[in-house]
Amino acid sequence: MCGIIGYTGGSQVLPKLFCGLESLEYRGYDSAGIAFYDTKAGMLCLKEKGRVSEIRTLAAGYERDMGRKIDAHCGIGHTRWATHGKPSDLNSHPHCTSDVSLVHNGIIENYAALREELSRRGYRFLSETDTEAAANLIDYYYKQTEDPISAIRAAIREIRGSYAFGILFHDRPSMIYAVRKDSPLILASGEDGNYIASDIPAILKYTDQYYRLEEGEIATVSPALITVYRDGGASFTPEYEKITWSVDAAEKEGFPHFMLKEIHEEPRAVRDTLSSVLSSDIEAFFAENEFDTINIVACGTAMHAGLIGKFMTEKLARIPVNVYIASEFRYQDPILGSRDLVILISQSGETADTIAALRLAKERGAHTLAVVNVIGSTVAREADRMILTLAGPEISVASTKAYSSQITVMYVISIKLAELRGRLSPGEANALLEELGSKVPAAIEEVIGQKEKIRLLAGEFLQCPSVFFIGRGLDCLLASEGSLKLKEITYIHSEAYAAGEMKHGTISLITDGTPVIALATDKKLFEKTLSNIKEVKTRGAKVILVCPDADHADPSVCDFRIGLPALNESYAPFTAIAALQLLAYYTAVLRGCDVDRPRNLAKSVTVE
Ligand code: AGP
């Protein structure tokens, strides 16, 4: 997500913008910028790809060239996490027109249509971003109405998607305007002026009085007064809440750890990623290219997402898919050529093993498709094509919302390929995609709503030397990801096993009290999985059964149960993995582990 800060008041604005942006750096970003009203030079904008410190350098250079200090008391600032348009100076925010400067956090879904219409109205676009369409649209209506609020209202009626906007109108030098939908924005009242910000850390140094702007409310922020306008014209001065968070807690928006915050972001990550993939040209790409083999290459959790992609693509589209661990890919001496596709999945886009696999695939002449969460990353840049997961910055080392976003892409690819091959009708494909965009996020929310019940189960493993995850079909793939999550943040050894395979050796490890987490989300496999559960149960295992709520599990078979909301079984990975992530999280907290920065691990493994 991007970071927004704005200030207007009696103090110099630049120090506040820089300090506010630097307090948002933890969110991850690739470029930064500020726009402000200099009392002598008027409206100025300094922005570029890179760090906030480089904007400080730009400002110092401007003052040196002008032979004077900048004197400005009103401005806005932004740190960008690229979604539409690579990291570059031109794509950085603020986006400025002749009358308006604007910063944005969110995604404008209909930006292409808006750009087309605004081009017809004579606007020129300098960047590749969705945001510039909003700046030009507000500019267009401001020229029509000469009233900021009317212009904002008219513009947001045409914008589809999510936004938090901070806006300057150049002929109103001490005023900031703000409006939001689906992206957070707060207003804050300080002793020396007033602020807008995308979240609390940006203003915590200056004030503890804040107001969370509600959906559709428009705020006018002057040095002395903040006024909020609701549809229908009612306006009021906000009642401020007192911030009780520390800076550290504020960065996590009140959650104790980034991992828990990021699990809570999974429903949005799925919705945003789905919107991103469906607005990409992925369908045309697969329609225009018939591949002999599809190969998925990744590491860790990303590779586990690839396993879901394999399972669903083979199930729906009946196309064989190979999945490779990236670090092993080169040793397979893969048979690849121009009729083969290699999909590289990577949250960071900087994983050395995945980059090496990408380069080998290209050497062999294969098409390469990157599924990444960081738009300017090496994997994104070097692959022939890219699909961006819109999970937003994932800070915790343990990957959670990135996984949900990655499997969202995998599902879309499997559904689109099945439709292209006539194995799904357009109606069936659309129904599945509709379910993915609506029922799946809601079902994940329901699982998250059960977190207290799941937290109580965490105590069951604390002293265990080892935990087993078992399942069949999709559940067997989920077991691998659930096991990895538990291992990497709790340091408890665990193993994922095909439920039907336990009796061929590994069941010898089951003794009294051995925890076994059994995944049984597929009704057709329920009875068989149940018999495997009974096998371990009779040998003393303590069984936690993860299955749809409605499925009656014989209480004599499992010691505990995590009930999942009703959902198309094919989408069970979304809800089951959220439960397993929470189970791992609460176990790690109970064990006093460093949840967000587990020992020996890095967020991006940039060594082979
Ligand atoms: C997952 O929780 C781990 N942090 C790790 O397995 C990670 O998925 C793997 O290193 C791949 O990282 P990437 O997605 O950034 O390439």
Side-chain angles (χ1 to χ4, degrees), residues 28 81 257-263 265-266 269 273 296-309 323-329 342-359 361 368-383 386-410 469 477-492 494 496 573 577-578 580-585 587-588 593-608:
W81 173 271
H257 299 97
F258 281 110
M259 182 176 175
L260 188 59
K261 171 173 172 275
E262 287 157 5
I263 291 170
E265 291 175 355
E266 287 179 6
T273 299
I296 300 174
V297 185
C299 302
T301 289
M303 189 273 288
H304 292 155
L307 294 174
I308 303 292
V323 176
Y324 296 94
I325 293 172
S327 56
E328 288 297 305
F329 185 57
V342 176
I343 300 174
L344 302 114
I345 305 175
S346 178
Q347 187 286 129
S348 63
E350 299 302 343
T351 300
D353 290 323
T354 309
I355 292 168
L358 163 63
R359 290 171 179 165
T368 54
L369 168 64
V371 178
V372 292
N373 199 40
V374 182
I375 194 167
S377 61
T378 303
V379 172
R381 281 183 287 106
E382 294 190 12
M386 173 194 68
I387 292 178
L388 194 62
T389 54
L390 295 186
E394 188 174 69
I395 311 295
S396 188
V397 166
S399 191
T400 51
K401 62 177 181 173
Y403 175 82
S404 305
S405 301
Q406 290 160 354
I407 63 173
T408 298
V409 176
M410 295 294 107
F469 289 74
L477 309 180
L478 281 170
S480 299
E481 178 55 17
S483 170
L484 175 61
K485 276 294 122 357
L486 187 75
K487 277 183 284 195
E488 68 176 322
I489 63 173
T490 70
Y491 316 145
I492 297 172
S494 96
I577 204 61
L580 296 181
Q581 290 163 352
L582 288 167
L583 195 57
Y585 168 77
T587 305
C593 298
D594 185 348
V595 174
D596 286 327
R597 288 176 297 280
R599 68 187 183 203
N600 310 337
L601 293 180
K603 184 58 187 169
S604 177
V605 182
T606 54
V607 292
E608 289 191 18

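Note: hydrogens, waters and symmetry copies are ignored here, and every other heavy atom, side chains too, is used. Counting starts at 1 for both ligands and their atoms, in listed order.
- Under 4.0 Å from ligand 1, not a single heavy atom of Glu350 appears.
- The protein heavy atom nearest to atom 10 (O) of ligand 1 is Val605 CG2, 4.0 Å.
- Under a 3.5 Å cut-off, the side chain of Ser483 and the backbone N or O of Ala479 do not form any donor-acceptor pair.
- A heavy-atom distance below 4.5 Å is found between the side chains of Lys485 and Met259.
- For atom 15 (O) of ligand 1, the closest heavy atom belonging to the protein is Ser348 OG, 2.7 Å.
- Tested against Ile296 for a side-chain contact (heavy atoms from CB on, under 4.5 Å), the candidates Ile308, Val371, Val323 yield a single pass: Val323.
- Within a 6.0 Å radius of CD1 in Ile325, no more than 12 heavy atoms belonging to other residues, nucleotides or ligands are found.
- Contact annotation: the side chain of Leu307 approaches that of His304 to within less than 4.5 Å [non-hydrogen atoms, C-beta and beyond].
- Between Glu382 and Arg359 there is a salt bridge, since a side-chain N of the basic residue sits under 4.0 Å from a carboxylate O of the acidic one.
- Protein heavy atom closest to atom 4 (N) of ligand 1, with residue, atom name and distance, is Val397 O, 2.8 Å.
- Of all heavy-atom pairs between Ala402 and Gln347, the closest is CB-CG, 3.4 Å.
- With hydrogens left out, the protein atom closest to atom 2 (O) of ligand 1 is Glu488 OE2, 2.5 Å, a heavy atom.
- The closest side-chain heavy-atom distance from Ile355 to Val379 is below 4.5 Å.
- For atom 11 (C) of ligand 1, the nearest non-hydrogen atom from the set Ala584, Ser346, Cys299 comes from Cys299.
- Judged by the shortest distance from any of its heavy atoms, Lys485 lies inside the 4.0 Å radius around the atoms of ligand 1.
- Between Asp353, Thr301, Thr354, it is Thr301 that holds the heavy atom closest to atom 5 (C) of ligand 1.
- Checked by atom type, the side-chain pair Lys401/Thr389 shows no donor-acceptor distance below 3.5 Å.
- Each of the atoms 8 (O), 14 (O) of ligand 1 lies under 4.0 Å from some heavy atom of Ala302.
- Remark: ligand 1 atoms within the under-4.0 Å shell around heavy atoms of Ser399 are 1 (C), 2 (O).
- Here the protein heavy atom with the shortest distance to atom 14 (O) of ligand 1 is Gln347 N, 2.7 Å.
- Atom 12 (O) of ligand 1 has its nearest heavy-atom neighbour, among Thr351, Asn373, Val379, in Thr351.
- Less than 4.0 angstrom separates some heavy atom of Ala398 from each of these atoms of ligand 1: 2 (O).
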